[in-house]
Novice: 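Before I ask anything, here is the structure I am working with.
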Amino acid sequence: GQSLEQPSEVTAVEGAIVQINCTYQTSGFYGLSWYQQHDGGAPTFLSYNALDGLEETGRFSSFLSRSDSYGYLLLQELQMKDSASYFCAALRGRDDKIIFGKGTRLHILP
Amino acid sequence: DAGVIQSPRHEVTEMGQEVTLRCKPISGHDYLFWYRQTMMRGLELLIYFNNNVPIDDSGMPEDRFSAKMPNASFSTLKIQPSEPRDSAVYFCASSLGQGGGTQYFGPGTRLLVL
């Protein structure tokens with residue numbers, strides 16, 4: 001089967017660091033992406049990991065461990081504008097299909 | 001580049017009516033995806049095309065839904081007849097190749113079927 005698990009909600013404080021975890025079960029797994037979606041908006045691409053390890057893009061980093069079928073998105077120096085939903089998505093190599101998780105709603109407290 | 005363009009942005013219709021959603025992908029992108037998003041079911045892939053050819057339509061809920069891509073710059077998603085449970089936000093996305101897992105989403109069409 002194809003499934004991704006991520007927490008439904010996470011709360012953090014402005015200026016802090018937060019980690020959003022994602023575990024996946026995807027046949028033909030090729031890589032893991034992360035998307036951000038603000039209320040009323042469209043998902044926007046944040047990062048993609050095809051190899052194990054950490055990818056850093058500014059305040060955001062993403063990690064992948066293929067052996068553990070696990071990844072996470074790390075957001076540093078949280079800002080109020082980071083309040084949004086974050087989706088992990090698994091890319092299936094054999095047919096280029098992307099399977100999205102249910103999303104994690106990030107609440108940021110001042 | 002203008003990004004992925006979708007129209008209409010909002011659609012309100014009555015049950016039984018035909019609904020047509022339109023999408024113009026980013027120029028040069030060879031993959032086009034149609035998604036539906038609801039609170040209950042999250043983001044669901046309905047169908048996707050590669051070089052204008054439908055590759056996987058297993059996510060299309062039923063025969064009332066159909067999608068076409070007559071050329072590289074245009075796709076439609078049609079619902080006929082529409083039902084209240086079809087109310088959702090419909091997104092179109094495009095990518096270049098596998099895109100490294102990168103898809104570019106349009107602004108979405110918010111559909112309400114009364």
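Chain identifiers are assigned alphabetically (A, B, ...) following the order of the sequence lines, protein sequences preceding nucleic acid strands; residue numbering begins at 1 within each chain. Only a predicted model underlies this, so the values are computations on that prediction, with no experimental measurement involved.
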Novice: Is the number of heavy atoms from other residues, nucleotides or ligands under 6.0 Å of B:E18 CD greater than 12?
Specialist: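 Yes, the 6.0 Å shell around CD holds more than 12 heavy atoms from other groups.
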Novice: With a 4.5 Å cut-off on side-chain heavy-atom distances among I, L, V, M, F, W and Y, is there a chain of contacts connecting B:I79 to B:F49?
Specialist: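 Yes, it is one cluster - the side chains of B:I79 and B:F49 are joined through contacts under 4.5 Å.
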Novice: Which heavy atom of A:F87 sits nearest a heavy atom of B:Q37, and at what distance?
Specialist: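 The pair with the smallest heavy-atom distance is CZ-NE2, 3.6 Å.
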Novice: Give a yes or no answer on whether the side chain of A:K102 reaches the backbone of B:R41 with a donor-acceptor pair at less than 3.5 Å.
Specialist: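 At least one qualifying donor-acceptor pair exists.
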Novice: Can you hop from B:F65 to B:Y48 via hydrophobic side chains spaced under 4.5 Å?
Specialist: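 No, B:F65 and B:Y48 fall in different hydrophobic clusters.
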Novice: Does the ring centre of A:F45 sit less than 6.0 Å away from the ring centre of B:F105?
Specialist: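 Centroid separation for B:F105 and A:F45: 6.0 Å or greater.
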Novice: For A:L51, I'd like to know if atom CG has over 12 heavy atoms of other residues, nucleotides or ligands within 6.0 Å.
Specialist: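 No, CG of A:L51 has 12 or fewer neighbouring heavy atoms, counting only those of other groups under 6.0 Å.
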Novice: Less than 4.5 Å to any heavy atom of chain A: does that hold for the side chain of B:L43, its backbone, both, or neither?
Specialist: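 For B:L43, backbone and side chain are both near chain A.
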Novice: Need one label for B:E44: side chain, backbone, both or neither, based on atoms under 4.5 Å from any heavy atom in chain A.
Specialist: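 Neither part, no heavy atoms under 4.5 Å.
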Novice: How long is the span from the CD atom in B:Q103 to the CG atom in A:L91, to the nearest 0.5 Å?
Specialist: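 Result: 8.5 Å between the selected atoms.
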Novice: Return the minimal non-hydrogen interatomic distance between A:Q37 and B:F91, and the atom names on each side.
Specialist: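 Residues A:Q37 and B:F91, closest heavy atoms: NE2-CZ, 3.6 Å.
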Novice: Hey, is CD on B:E62 packed in by over 12 heavy atoms from elsewhere, all under 6.0 Å?
Specialist: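 Enclosed.
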Novice: Given the rule that I, L, V, M, F, W and Y join up when any side-chain heavy atoms are under 4.5 Å apart, are A:I20 and A:L78 in one cluster?
Specialist: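 In one cluster with A:I20: A:L78, yes.
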Novice: Which pair of non-hydrogen atoms, one from B:G106 and one from A:A42, has the smallest distance, and what is that distance?
Specialist: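 In terms of heavy atoms, the two residues are closest at O-CB, 3.0 Å.
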Novice: Can you tell me if B:Y104 has over 12 outside heavy atoms packed within less than 6.0 Å of its OH?
Specialist: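 12 or below, so no.
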Novice: Heavy atoms only, distances under 4.5 angstrom: which of A:G41, A:G103, A:A50 has the most pairs with chain B? Name it, please.
Specialist: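 Most heavy-atom pairs under 4.5 Å with chain B: A:G41.
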Novice: For A:D68, look at atom CG and say whether over 12 heavy atoms of other residues, nucleotides or ligands are found less than 6.0 Å away.
Specialist: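 Check passes, neighbour count above 12.
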Novice: Is the shortest heavy-atom distance from the side chain of A:I98 to the side chain of B:Y31 under 4.5 Å?
Specialist: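 A:I98 does not reach B:Y31 side chain to side chain.
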Novice: Look at the side chain of B:R110 and the backbone N and O of A:G40, then say whether any donor-acceptor pair between them is shorter than 3.5 Å.
Specialist: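 Present.
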